[in-house]
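Okay, so here's the structure we're looking at.
Note on naming: letters A, B, ... go to the chains in the order of the sequence lines (proteins, then strands), and numbering restarts at 1 for each one. From a predicted model like this one, the values you see are computed outputs, not experimental measurements.
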Amino acid sequence: MRLSRSFLPTFKENPAEAQIVSHRLMLRSGLIRQTASGIYAWLPAGLRILRNISQIVREEQDSVGAQEVLMPTLQSADLWKRSGRYDAYGPEMLRIQDRHKRDLLYGPTNEEMITDIFGQIINSYKELPQTLYHIQWKFRDEVRPRFGVMRGREFLMKDAYSFDLNYEAAVASYQRMMLAYLRTFQRLGVRAVPMRADTGPIGGELSHEFLILAPTGESGVFYDAALEGQDWLDTPVDVTDPAALETFYKRVTTPYAATDEMHDTTAWEAVPEERRREGRGVEVGHIFHFGNKYTKAMDVSVVGADGERLYPEMGSYGIGVSRLVGAIIEASHDDNGIIWPDAVAPFKAVIINLKAGDETCDAVCEGIYNKNTEDFLYDDTSDRAGTKFANADLMGHPWQIIVGPRSAKEGRVELKRRATGERHDLTVDEALSLVLAGA
RNA sequence: CGGGCAGUAGCGCAGUCUGGUAGCGCAUCAGUCUGGGGGACUGGGGGUCGUGGGUUCGAAUCCCGCCUGCCCGACCA
C-alpha cells in the first residue's frame, strides 16, 4: 500500500474521548473510528489486524479438529425461550422486532443456536464428538462501554462449542481447546496465562480464563513463574489420545495461577517466593464446560448404542478477537506508539522514502515495494523525515526500511526493528531477506 | 443504574461568568526556503457554535426541554 493513496488517518494529538493507551493509539494510528458509544468502524489497517488475528485463531481451531461455521448475528427469540434464557438474560440483550412484530435479538452468544442446529443434524452417538466454531460479531448492551474496543458493545468473537457423549470425552474436548488456546496466544506474540475461573452455579473445575499480562488490566493476577516461557507450538500433543491430553493438562494447570477473584492465599504461599508473579491482566479468552444444560433444556439428544436417548455434554470456548487488538497494544507499546508483534501487524514493514522525488531514493523504494506490495506500506509522501519516523513508530510496523539519498546511491538501506530500536546498515537484499523471513 | 463533566473547523482547545461581526495551535490547500526524529515564512479554504424552544433590538454566551459523548462507582468477554 502506498501511504499517499491510503485511507490511513493518523494523528499527532490524543483525542479527548480516549483515556487508556490502547484506545488512544488505535484512534491515533487510524485503526478505528467510533460511530456510537461502544460501536466502532474498522478502517483498513485495523481490519488487517482483525483478519490476521482471526486467521491464526482459525488455524489453531482447525488444527484440533474444530469445524468452522458462520451463524447469523440476529437470532429468533423463540430459540432463547426454549432454553429459558430469554427472560434470564436481562437488559444486556439487544431486543428487536421485525415488521411482523416477531421478537428477535442481536446475539450476545450462540449456545442456543448451535445446540438447535446440532440437534437438527446429529442423531447418533456414532457422530460424536463434534466441535464447531465461528467468528462473528456479537452485541452486549453494556451499561457503560469504555476503553475503546476493550469494552465495546459490539465485538468480534470466536466462539466454539463442543458436543461429547459423556463427561470423560467432554474433558478431552476441553483439554484440546486449552492446547489450541495456548498455541493461539503464543502465535499472536503475547503471553496469556490460563487461570482457574469461577464456574458459577454449575460447579466443577473445568473453567479457565486466559489473561494477557498488561499493567492496565482489569483483574489482578497471581501465577507461578513455571508457566512462563513454555513453547506450546513445539510441544507435540496427540489430541486424539486422552492420556496425552491429560498429561499436557496437568502440566498447565498444576502451577498456581488465579485472578484476584479466585485467589487462594494459602496455595499462593506454597509457591516458592522467587517464582511468584503478580500483576494485572486483560481477559481475552474463556473456556468452559457446562455439561448438558442446554441439550437438556432444549431437548437435543442423540441415540446411544442401546437405543437410549443421551443428552450430549457441551463446552463453550470464547476468544475476544476485537478485544485482543486492544489487549495486545496494552501489552506491547512504548511512548512513541504501538509495537506490533510480527504475526498481527497490519504491514510487515514500512518503507520510508526520506527524499521522495529523488531519482535514486524513488528507484530503490519502488524496487523494494514491488517485491511485496501487499505486505509493505510504502511511505512515498513528501513529508519530512521526522514526521515519517514519528508516524512509523506510532503505527508500530515491526520493521522500518529507511531509504535515504546517501546510502541509496550505494544500494544500501537502514533497517530498524521497532521493538528494540536496533538499526542496521544493509544492502537491499539483506534487508529484504530479514524482513520477509518474519522475525 | 447512582454520582460527576463536556458538546465551538478533521484533531486539541479558548471564547460563555459580564449578550454586541466566531478565534488559536495542529492538520489541510498554494508558493518559497528547507531536508535523518512531528521545520520556517507568506498567502488561502473550512464552522447550522449538539438540538428544539424561550428571553432580547441582538444569543456560542442567559432560561427550559431533549440528544450525544466522556469519567468514577456497581456490572461485565
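Lys388(A) meets the salt bridge (charged side-chain N to carboxylate O under 4.0 Å, His left out) test with Asp379(A); sequence neighbours excluded. Residues satisfying the salt bridge (charged side-chain N to carboxylate O under 4.0 Å, His left out) test with Arg58(A), not counting sequence neighbours, are Glu68(A). When the ring pair (Phe, Tyr, Trp, His ring centres under 6.0 Å) test is applied to Phe222(A), the partners found at least two apart in sequence or on another chain are His263(A), Trp268(A). Listed by chain and residue number, nothing satisfies the salt bridge (charged side-chain N to carboxylate O under 4.0 Å, His left out) test with Arg24(A) (two or more places apart in sequence, or in another chain). For Arg85(A), the salt bridge (charged side-chain N to carboxylate O under 4.0 Å, His left out) partners are Glu111(A), Glu112(A), not counting sequence neighbours. Residues passing the side chain to side chain contact (heavy atoms under 4.5 Å, CB included) test with Glu414(A) are Ile402(A), Arg423(A), sequence neighbours excluded.
Across all strands shown, Glu13(A) has heavy atoms under 4.0 Å from base atoms, whether or not it also approaches the sugar-phosphate. Among the heavy atoms of the strands lying under 4.0 Å from Gln19(A) are primed sugar atoms or P, OP1, OP2 only; no base atom is included. When heavy atoms are screened at a 4.0 angstrom cut-off, Glu142(A) is found touching base atoms of the nucleic acid.
Taking atom C1' on both nucleotides, G65(B) is separated from C70(B) by 22 Å, rounded to a whole Å.
Screening residues 2-13 of chain A for salt bridge (Lys or Arg N to Asp or Glu O under 4.0 Å), with sequence neighbours left out, gives Arg2(A)-Glu366(A).
Remark: the Asp393(A) side chain and the G37(B) base include a donor-acceptor N/O pair separated by less than 3.5 Å.
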For nucleotides 38-45 of chain B, give me every protein contact, N/O to N/O, under 3.5 Å, one pair per line with atom names.
from	atom 1	to	atom 2	distance (Å)
G38(B)	O2'	Lys12(A)	NZ	2.5
G38(B)	O6	Arg28(A)	NH2	3.4
G38(B)	N2	Asn391(A)	ND2	2.9
G39(B)	N9	Arg384(A)	NE	3.4
G39(B)	N7	Arg384(A)	NE	3.2
G39(B)	N7	Arg384(A)	NH1	3.2

Distances under 3.5 Å only, N/O to N/O: pair up the protein atoms with those of nucleotides 2-9 of chain B.
none

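Checked against G37(B), G25(B), C1(B), the side chain of Lys416(A) finds its nearest nucleotide in G37(B). Closest contact between the side chain of Phe389(A) and the listed nucleotides C70(B), C11(B), G37(B) involves G37(B).
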For residues 41-54 of chain A, run the donor-acceptor check on the side chains, cut-off 3.5 Å, and write out each pair with its distance to 0.1 Å, sequence neighbours left out.
from	atom 1	to	atom 2	distance (Å)
Arg48(A)	NH1	Pro346(A)	O	3.0
Arg48(A)	NH1	Glu374(A)	O	3.2
Arg48(A)	NH2	Glu374(A)	O	3.2
Arg48(A)	NH2	Glu374(A)	OE2	3.4
Asn52(A)	ND2	Arg48(A)	O	3.3
Asn52(A)	ND2	Val344(A)	O	3.2
Asn52(A)	ND2	Ala345(A)	O	2.9
Ser54(A)	OG	Leu50(A)	O	2.7

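Ser207(A) and His286(A) share a side-chain donor-acceptor pair at under 3.5 Å. Using modelled atom types, one finds no donor on one side chain facing an acceptor on the other under 3.5 Å when comparing Asp62(A) with Gln67(A).
Only Gln34(A), Ala36(A), Ser37(A), listed by number, bring a heavy atom of residues 34-43 of chain A to less than 4.0 angstrom from any atom of RNA chain B. Shown for residues 145-163 of chain A: residues whose heavy atoms fall under 4.0 angstrom of RNA chain B, namely Arg146(A), Arg151(A), Gly152(A), Phe155(A).
Stacking of Lys138(A) on the aromatic ring of Phe155(A) is not recorded, the 6.0 Å distance cut-off and the 45° axial limit not both being met.
Nearer to the 5' terminus of RNA chain B, by closest-nucleotide assignment, is the contact made by Lys355(A) (compared with the other of Glu17(A) and Lys355(A)).
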